[in-house]
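I'd like to ask you about the structure that follows.
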Amino acid sequence: MNTVIVAEKPSVGRDIARVLGASQPGDGCLMGKGYIVTWALGHLVSLMEPDELDERYRRWRMDDLPILPEDIPLKVLPATRGQFAIVKKLMNDKDTAEVICATDAAREGELIFRYIYRMAGCKKPVKRLWISSMTDAAIRKGFEELRPAADYDALYESARCRSLADWLVGMNASRAFTLRYGALLPLGRVQTPTLALLVKRDREIAEFVPRDYWEVRADLGDFEGLYYDPETRQSRASSKEQADKIKREAQGREGTVVESRRERKRVPPPQLFDLTALQREANRRFGFSADKTLKLAQALYERHKAITYPRTDSRCLPPDMREKALNALRNLPPRYHPLLKAPAFNPHMDSKRFYDAAKVSDHHAIIPTERRPGAMTADEEALYDLVARSLIAAHYPDYAYESARLRVVVSGHEFRADGAVPMDMGWRAVLAPAEKKAATPLPDVREGETRVAQKVSARKKQTKPPEKLNDASLLSLMEHAGQELEDEELRERMKSSGLGTPATRAAIIERLIDVG
């Protein structure tokens, strides 16, 4: 009797087959040692279109809306019908004892397998392979820890609910708006709210009216102060008359230091990456689109086996991952060794900021695997470097700096100066390339001391419109969608949701571009 393993992609199937010793090629599969490994080529099965449910829906008419079928049947996708036939035959073969679901260990992967299993009419028992890394060791461990498919029924129902919601909104809303406005207008449950975010920002930019304001600066000898209006709580004068008055009354006059505050502050290392955070950082640093980052991350995961599963929304690791994380650090390429040998590196780090099982969903945060990568493209190298440095930085101390604020009152006008002096670079020694130049340190000044405003200058400026959205800022808005809702209960619910998932946000952005 055989065990049939269904992977999501041929590349993953081949890796699993190699580890299990199934090396004999077959038609759309690999065989050996009691295993038959086949693959799905992504989605082989989907929900039927409206006109496939009923011929009358072929013509779009407002009278037929909304289309709300009791059940939406499945169909085999024509482009991959041949591979579905292979998978169906293998699943239902009399010599098949059980089936192992080895599609991506996530909601969409679960849906892909369950739809195939349903469409094939298979009744064989199913077990689930759930892995976060494609290294040989991770695959072997995954097969030692197979679980019954029933353990993932809730995940499947969640995926099916999402699939049905997409269909109901997309099919009905697209037809309704297209008929109403006489132009093809594709709407979607996620893509349309995302488009609304873009439209809202563009309207804010288009309707923005710049306003003049004046910055008034006073040279106080060993530091410079910026005028601060305590009534408006802004560091600016609202008119030229006000700016000229401040300049005239402060120029050459003696002022008194009314506040001199120094405070030591600490900033902990950034959390590890989930996919959305990685996409945002790659966009900020390298200008990568969300879609490009996802593709690079998939290549690092599948082809190079260099990082763990990328389509995650977790930024923590479970505590039992500590040894694996340390092994991953030990196996990093030589260029990282100076950072690992530095006195600041703490191999015993076990902070809940990074190790917290309660904050891990289907998959833990993205980290390097224990396998040292081979040759990579420049872009793959850049993304791998982000992931590697993120894990290293987590084992470094907090960044410590001294923040200072001086307030000087000259002729009744307040001037402020803020500064910061790094005390311990901590994790910033690892992530320094992305950091800005440190602020100029302020002199040690005591309250009650006097300073003369040697030169006071006023400079006209204009308020600026909101910035156009880029991949990084749009991803952030999608992730935190709902924060501007007035309904408090809805806003609270949306905190843990957002538009789309880490795995689908890039595709949503690309689709909006593709459909114009």
message = Does this structure show an ion pair linking Glu486 with Arg491, if we count only N-O contacts that are shorter than 4.0 Å?
response =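 No, Glu486 and Arg491 are not salt-bridged.
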
inquiry  = Check this for me, if you would: do Asp514 and Arg511 make a salt bridge, where the nitrogen-to-carboxylate-oxygen distance has to be below 4.0 angstrom?
reply    = no

Enumerate, atom names and distances included, each donor-acceptor pair closer than 3.5 Å involving a side-chain atom of residues 329-339, sequence neighbours excluded.
from   : atom 1 : to     : atom 2 : distance (Å)
Arg330 : NH1    : Glu323 : OE2    : 3.3
Arg330 : NH1    : Asn327 : OD1    : 2.4
Asn331 : ND2    : Asn327 : O      : 3.2
Asn331 : ND2    : Glu370 : O      : 2.9
Arg335 : NH1    : Glu381 : OE2    : 3.4
Arg335 : NH2    : Glu381 : OE2    : 2.2
Tyr336 : OH     : Asp385 : OD1    : 2.7
His337 : NE2    : Leu332 : O      : 3.2

message = Test your reading of the model: is there a side-chain donor-acceptor pair from Ser476 to the backbone of Ala472, 3.5 Å cut-off?
response = no

Between Arg162 and Asp166, is there a salt bridge with N-O shorter than 4.0 Å?
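Looking at Asp166 and Arg162, the cut-off is met.
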
(request) For Glu467, check salt bridge (charged side-chain N to carboxylate O under 4.0 Å, His left out) against everything at least two apart and list the hits. (result)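 Salt bridge (charged side-chain N to carboxylate O under 4.0 Å, His left out) check on Glu467 returns nothing, list empty.
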
Worksheet item: How far apart are the C-alpha atoms of Arg353 and Gln271, what are their side-chain angles, what is the distance that settles it, and do they pass the side chain to side chain contact (heavy atoms under 4.5 Å, CB included) test?
Response: CA-CA 7 Å; Arg353 182 173 176 80; Gln271 285 191 291; 4.0 Å; yes

Ser11 and Glu302: CA distance, side-chain angles, deciding distance, side chain to side chain donor-acceptor pair (under 3.5 Å) verdict = CA-CA 7 Å; Ser11 59; Glu302 288 180 17; 3.3 Å; yes

For Leu431 and Ser390 the tightest heavy-atom approach is CD2-N, 4.5 Å

Q: Report yes if the side chains of Leu30 and Arg18 come closer than 4.5 Å at any heavy-atom pair, otherwise no.
A: no

Report task. Output, in order, the C-alpha distance, side-chain angles, deciding distance and verdict of side chain to side chain contact (heavy atoms under 4.5 Å, CB included) for Asp93 and Asn2. Result -> CA-CA 9 Å; Asp93 192 280; Asn2 296 315; 5.8 Å; no

Item checked: Pairs meeting criterion ring pair (Phe, Tyr, Trp, His ring centres under 6.0 Å) with involvement of residues 284-332, two or more places apart ->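 Found Phe286-Phe288, Tyr301-Tyr309, Tyr309-His363.
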
Looking at Glu281 and Arg284, is there a salt bridge between them, counting it only when a charged N and a carboxylate O are closer than 4.0 Å? yes

Ion pair present between Arg322 and Asp350, side-chain N to carboxylate O less than 4.0 angstrom?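 Here Arg322 does not pair with Asp350 in a salt bridge, since their nearest N and O are not under 4.0 Å apart.
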
Hey, can you pull the donor-acceptor pairs under 3.5 Å for the side chains in residues 140-150, sequence neighbours left out?
from   : atom 1 : to     : atom 2 : distance (Å)
Lys141 : NZ     : Glu145 : OE2    : 2.6
Arg147 : NE     : Asp151 : OD2    : 3.3
Arg147 : NH1    : Tyr152 : OH     : 3.4

| message | Salt bridge or not between Asp153 and Arg114? Use side-chain N to carboxylate O under 4.0 Å. | response |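 Yes, charged N to carboxylate O under 4.0 Å.
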
Practice problem: Give a yes or no on this: more than 12 heavy atoms of other residues, nucleotides or ligands lie within 6.0 Å of atom NZ of Lys88. | Solution: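 Atom NZ in Lys88 is not packed in, count stays at 12 or less.
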
Notebook entry, point to check: Quick one: are Tyr399 and Arg266 in side-chain contact, heavy atoms under 4.5 Å?
Noted result: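 Answer no - side chains too far apart.
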
### Distance in Å, Ile36 CD1 paired with Ile86 CD1, rounded so as to fall on 0.5 Å steps
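Output value for this atom pair is 12.0 Å.
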
Check: Going by heavy atoms in the side chains, are Leu74 and Met48 under 4.5 Å from each other?
Finding: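 Contact flag for Leu74/Met48 side chains = no.
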
**Side-chain heavy atoms of Met478 within contact of Ile508, under 4.5 Å** = yes

In terms of heavy-atom contacts, Leu77 and Ser46 come closest through CD2-OG, 3.4 Å

- [ ] Keeping the roles fixed (side chain from Glu492, backbone from Glu489), state whether a donor-acceptor pair exists under 3.5 Å.
- [x] no

Margin query: Keeping Thr194 on the side-chain end and Val190 on the backbone end, is there a donor-acceptor pair under 3.5 Å?
Written below: yes

| Step-by-step side chain to side chain donor-acceptor pair (under 3.5 Å) determination, Ser314 to Ser361 | CA-CA 6 Å; Ser314 302; Ser361 56; 3.0 Å; yes

Exercise. If a pair satisfies side chain to side chain donor-acceptor pair (under 3.5 Å) and one of its residues is in residues 169-178, list it, with sequence neighbours excluded.
Key: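 Every pair satisfying side chain to side chain donor-acceptor pair (under 3.5 Å) with a residue in residues 169-178: there are none.
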
Is there a side-chain contact between Leu90 and Cys29, using heavy atoms and a 4.5 Å cut-off? yes

**Prompt:** Does the side chain to side chain donor-acceptor pair (under 3.5 Å) test come out yes or no for Thr501 and Thr504, once each step is laid out?
**Reply:** CA-CA 5 Å; Thr501 66; Thr504 62; 3.2 Å; yes

* To do: Flag the pair Leu275 / Leu294 as yes when at least one side-chain heavy-atom distance between them is below 4.5 Å, and no otherwise.
  => yes

Lys89 atom NZ, neighbour heavy-atom count above 12 within 6.0 Å:
no

Can you check whether His364's main-chain N or O pairs, donor with acceptor, with Thr312's side chain at less than 3.5 Å?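 Checking the backbone N and O of His364 against the side chain of Thr312, a donor-acceptor pair under 3.5 Å is found.
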
message: Would Glu157 and Arg160 count as a salt bridge (Lys or Arg N to Asp or Glu O under 4.0 Å) here? Give the steps.
response: CA-CA 5 Å; Glu157 291 300 340; Arg160 181 169 167 269; 3.6 Å; yes

Here the pair of heavy atoms bringing Ala102 nearest to Leu129 is CB-CD2, 3.8 Å

- Query: Is there side-chain contact between Ile112 and Glu8, with heavy atoms separated by less than 4.5 Å?
  - Reply: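 Yes, their side chains come closer than 4.5 Å.
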
dist Leu20:CG -> Ile139:CD1 (nearest 0.5 Å) comes out at 8.0 Å

Checklist line | Pair Asp15 + Lys305, salt bridge at N-O below 4.0 Å | finding: yes

- Item | Pair Arg371-Thr135, side chain to side chain donor-acceptor pair (under 3.5 Å): steps then yes or no | CA-CA 7 Å; Arg371 175 170 170 168; Thr135 61; over 6 Å; no

Short side-chain to backbone donor-acceptor contact, Trp427 and Pro268, under 3.5 Å: yes

In short, side chain to side chain donor-acceptor pair (under 3.5 Å) pairs touching residues 21-41 with sequence neighbours left out are Thr38-Gln83

Notebook entry, point to check: Does any N or O in the side chain of Asp487 come within less than 3.5 Å of the main-chain N or O of Leu490, such that one atom is a donor and the other an acceptor?
Noted result: yes

Discussion item. If I compare all heavy atoms of Leu499 with all of Arg505, which pair ends up nearest, and what's the gap?
Written reply: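 Scanning both residues completely, I find the closest heavy atoms to be O-NE, 2.8 Å.
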
_Over 12 foreign heavy atoms within 6.0 Å of CZ, Arg81_ =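 It does: Arg81 CZ has more than 12 such atoms within range.
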
Could you tell me whether Phe177 atom CZ has more than 12 heavy atoms of other residues or ligands within 6.0 Å of it?
-> no

Does the pair Leu475 and Gln279 meet the rule for a side chain to side chain contact (heavy atoms under 4.5 Å, CB included), with working shown?
CA-CA 8 Å; Leu475 284 167; Gln279 287 168 319; 3.4 Å; yes

Note to self: Could you check whether Asp379 pairs with Lys292 (Lys NZ or Arg NE/NH1/NH2 to Asp/Glu carboxylate O, under 4.0 Å)?
What the structure shows: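 Here Asp379 pairs with Lys292 in a salt bridge, since their nearest N and O are under 4.0 Å apart.
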
request  = Could you check Tyr156 against Tyr117 for side chain to side chain contact (heavy atoms under 4.5 Å, CB included), going step by step and ending with a plain yes or no?
outcome  = CA-CA 12 Å; Tyr156 164 59; Tyr117 185 80; over 6 Å; no

With the threshold set at 4.0 Å, does a side-chain nitrogen-carboxylate oxygen contact exist between Arg311 and Glu108?
no

* **Check: Leu278 and Ile366 side chains under 4.5 Å, non-hydrogen atoms** => yes

